[in-house]
Amino acid sequence: MPKIIVLYTSLTGNTEEMAESITAGAKEAGAEVVAKEAFDASPEELLTYDGIIIGAYTWGDGELPDEFLDFYEDMDSLNLAGRKAAAFGSGDSSYPIFCASVDIIEEKLKALGAEIVAEGLKVEYSPSGDEKETCKALGRQVAEALQA
Ligand SMILES: Cc1cc2nc3c(=O)[nH]c(=O)nc-3n(C[C@H](O)[C@H](O)[C@H](O)COP(=O)(O)O)c2cc1C
């Protein structure tokens with residue numbers, strides 16, 4: 001059974017709601033899934049999973065959340081070759097750079113050698129019913145890519 005981590009940073013709960021649906025989708029597709037906030041995890045822990053799904057809300061002027069920065073920088077010591085991955089996050093489209101964190105995380109995962117197997121998922125505020133289904137589909141896609 002493939003092992004997947006859904007790691008997220010969420011201040012007001014929107015990205016966390018996405019993480020819950022992504023976790024449900026990956027479980028439905030037969031993966032063993034652990035969901036964790038980034039501040040409860042270490043970057044080295046990522047190496048114990050086959051699938052790595054990382055999410056964060058966007059802060060400042062299109063920036064990663066402050067509380068995720070140490071984790072993000074410490075990821076540089078990892079070689080994620082052979083891992084399947086995807087990124088997600090919540091934002092607010094009234095800001096000039098919508099959900100920038102999703103692109104920043106996706107680029108980092110790629111730079112560390114992971115294979116991106118689902119398009120980065122950006123949601124305005126909290127996920128609607130339809131968007132929760134899209135979150136589930138992302139979880140399923142990563143789980144299925146690991147079983148292919
Ligand atoms: C000071 C501040 C700056 C923000 N900057 C951005 C931004 O640049 N781009 C964006 O898409 N959203 C931005 N947001 C919106 C948050 O990302 C959005 O409210 C998100 O849903 C919060 O997710 P969370 O509930 O997981 O914490 C900003 C919010 C605040 C309060």
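Keep in mind it's a predicted model, so treat the numbers as computed, not measured. In each ligand, atom 1 is the first atom listed, and ligand 1 is the first ligand listed.
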Within a distance under 4.0 Å of any heavy atom of [X], pick out the atoms of ligand 1 and give their elements.
X: Thr15; answer: 23 (O), 24 (P), 26 (O)
X: Ile97; answer: 7 (C), 8 (O), 9 (N), 10 (C), 11 (O)
X: Tyr125; answer: 21 (O)
X: Leu11; answer: 24 (P), 26 (O), 27 (O)
X: Gly13; answer: 24 (P), 25 (O)
X: Ser10; answer: 24 (P), 25 (O), 26 (O), 27 (O)

Residue part near ligand 1, for Phe98, under 4.0 Å between non-hydrogen atoms: both

Mode of Cys99 contact toward ligand 1 - side chain, backbone, both, neither (heavy atoms, under 4.0 Å): backbone

Does an N or O anywhere in [X] fall below 3.5 Å from an N or O of ligand 1?
X: Asp61; value: no
X: Asp92; value: yes
X: Asn14; value: yes
X: Ser90; value: yes

No-hydrogen, no-angle side-chain donor-acceptor test under 3.5 Å, Tyr57 and Asn14: no

Ser128 and Asp130 side chains, donor-acceptor separation under 3.5 Å: no

Among Val6, Val33, Val34, Leu7, side chain to side chain contact (heavy atoms under 4.5 Å, CB included) partner for Tyr49: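 Option passing the side chain to side chain contact (heavy atoms under 4.5 Å, CB included) with Tyr49: Val34.
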
Plane angle bin for Phe68 and Tyr72 - parallel if under 30°, tilted between 30 and 60°, otherwise perpendicular: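 Ring orientation, 0 to 90° scale: tilted.
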
Polar side-chain atom of Glu106 near backbone of Gly120 as donor-acceptor pair, under 3.5 Å: yes

